[in-house]
Amino acid sequence: MKEWNIAVIPGDGIGKEVVPEALRVLDTAADIHGNIKFNYTDFPWGSDYYVEHGMMMPEDGIEQLKEFDAIFLGAVGDPSLVPDHISLWGLLLKIRREFEQSINVRPAKYFEGLKSPLVNPNNFNFVVVRENSEGEYSEVGGLIHKGEDQIAIQNSIFTRKGTENVMHYAFELAKTRKGHVTSATKSNGIIHTMPFWDEVFSDIKDEYENIETKKWHIDALAALFVTRPFDFDVIVGSNLFGDILTDIGGAIMGSIGIAPSANINVPGKYPSMFEPVHGSAPDIVGKNIANPVGQIWTAKLMLDHFGEKELGDTVLSAIEDATRTGYKTPDIGGNYSTTEVTDEICKQLISKKTVDLS
Ligand code: NAI
Ligand code: MG
């Protein structure tokens with residue numbers, strides 16, 4: 001029996017509603033697999049914790065999380081209790097940085113039965129691999145002078161190590177998919193970092209004979225995500241470019257409530273963290289109508305990370321079956337509750353038990 005120890009942080013708002021549902025699906029997945037077990041340890045950190053203790057997590061929070069195989073997080077933020085910059089920096093960003101989760105992975109795909117805003121979604125299915133720790137989002141720079149003489153300088157940091165890392169990850173991922181990597185660049189306008197990015201891409205590409213590649217400037221690429229998203233497989237981008245592209249990815253799927261993400265510590269020295277793209281959705285909290293799909297698809301990414309790709313794919317196909325047959329929450333045009341959608345996904349999963357997963 002393989003056992004995985006998972007630190008669970010439901011966080012705030014609908015995080016507390018969708019996380020238990022996703023754990024229910026994970027346990028059902030473990031049942032149909034028969035030879036795998038998930039042990040959960042709950043950490044009640046977030047905005048309520050802040051109100052009581054004056055911090056988002058305990059001083060030794062990072063230490064407590066270190067030994068787990070993964071962190072499974074809901075959403076963090078409750079602007080009625082804690083300003084967003086405090087909740088974000090005090091928990092999420094702290095974990096991402098301390099655990100060197102230098103890569104953010106966000107898949108997007110067309111779901112049958114789900115209304116994409118695109119006229120021709122044509123079964124698009126891609127993954128954006130985003131550099132998650134440097135690039136344009138560095139803290140290097142500053143402001144000088146006041147008034148009309150004021151100057152603001154923001155430096156971008158591109159290390160060879162970080163750039164090679166994210167590209168290697170993208171190429172390795174492409175090997176398990178359609179074998180195509182697109183590089184998001186802007187070497188026509190940004191004259192130092194982006195030609196460097198292109199050069200590293202070209203070096204890494206040479207290590208992967210069987211992977212096809214293409215290079216697009218970010219502006220044209222953003223447009224193609226709207227007009228021809230079905231042309232892509234794996235896209236690799238810097239922190240800023242990846243950030244923008246992944247929001248388009250979420251938008252063309254039809255709801256932010258279904259988009260998943262993974263923050264990966266590549267060497268495996270620290271735990272990776274799995275969280276949906278959406279936030280705590282204070283406007284719908286407590287109504288049992290939050291879409292659980294983003295959190296459940298996130299669980300599938302965690303299964304992939306554990307090396308249980310086939311089981312992960314089975315979970316995704318159970319999600320798709322539920323959506324196709326109309327089990328949808330209101331955000332995607334359905335009448336079903338969070339619990340009912342999850343029930344159906346578990347039911348679909350059980351019906352796949354005959355698939356050989358050993
Ligand atoms: P949000 O993602 O929480 O909500 C945006 C809109 O999408 C809302 O109308 C909400 O009802 C809807 N929505 C989101 N997830 C949904 C789901 N699963 N099912 C159905 N509808 C869903 O973003 P917002 O309102 O900007 O932020 C609310 C709080 O969440 C803030 O405190 C913010 O800082 C935090 N936040 C946290 C994130 C995280 O933990 N990674 C990411 C984004 C926001
Ligand atoms: Mg964003």
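None of these values were measured; they are calculated from a predicted model. The chain is numbered in sequence order, starting from 1. Both counts, for ligands and for their atoms, begin at 1 and track the order of listing.
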message = Can you confirm if the aromatic rings of Phe72 and Phe274 lie within a centre distance of less than 6.0 Å?
response =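 So the answer is no for these two rings.
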task = Might you confirm whether atom CD of Glu199 has over 12 heavy atoms from other residues, nucleotides or ligands at distances under 6.0 Å?
result =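 Enclosed.
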query = Between Tyr208 and Phe171, what is the ring plane arrangement, given parallel below 30°, perpendicular above 60°, and tilted in between?
reply =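 Tyr208 and Phe171: parallel rings.
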query = Would you call the rings of Trp45 and Phe43 parallel, tilted or perpendicular if under 30° counts as parallel and over 60° as perpendicular?
reply =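 Tilted: the ring planes of Trp45 and Phe43 meet at 30° to 60°.
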query = Regarding Thr339 and Asn288, is there a side-chain donor-to-acceptor distance under 3.5 Å anywhere?
reply =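 Present: a donor and an acceptor within the cut-off.
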Write out each pair where an N or O from ligand 1 and one from the protein are under 3.5 Å apart, with the distance.
from, atom 1, to, atom 2, distance (Å)
ligand 1, 2 (O), Gly279, N, 2.7
ligand 1, 3 (O), Gly279, N, 3.4
ligand 1, 3 (O), Ser280, N, 3.2
ligand 1, 3 (O), Ala281, N, 2.8
ligand 1, 9 (O), Asp283, OD2, 2.8
ligand 1, 11 (O), Asp283, OD1, 2.8
ligand 1, 11 (O), Asp283, OD2, 3.0
ligand 1, 18 (N), Asn291, O, 3.1
ligand 1, 19 (N), Asn291, N, 2.8
ligand 1, 30 (O), Ser280, N, 3.1
ligand 1, 30 (O), Ser280, OG, 3.2
ligand 1, 32 (O), Asp84, OD1, 2.7
ligand 1, 34 (O), Asp84, OD1, 3.1
ligand 1, 34 (O), Asp84, OD2, 3.1
ligand 1, 40 (O), Val76, N, 2.9
ligand 1, 41 (N), Glu275, OE1, 3.3

Can you give each donor-acceptor pair under 3.5 Å made by side-chain atoms of residues 57-66, sequence neighbours left out, with the distance rounded to 0.1 Å?
from, atom 1, to, atom 2, distance (Å)
Asp60, OD1, Gln64, NE2, 2.9
Glu63, OE1, Lys66, NZ, 3.3

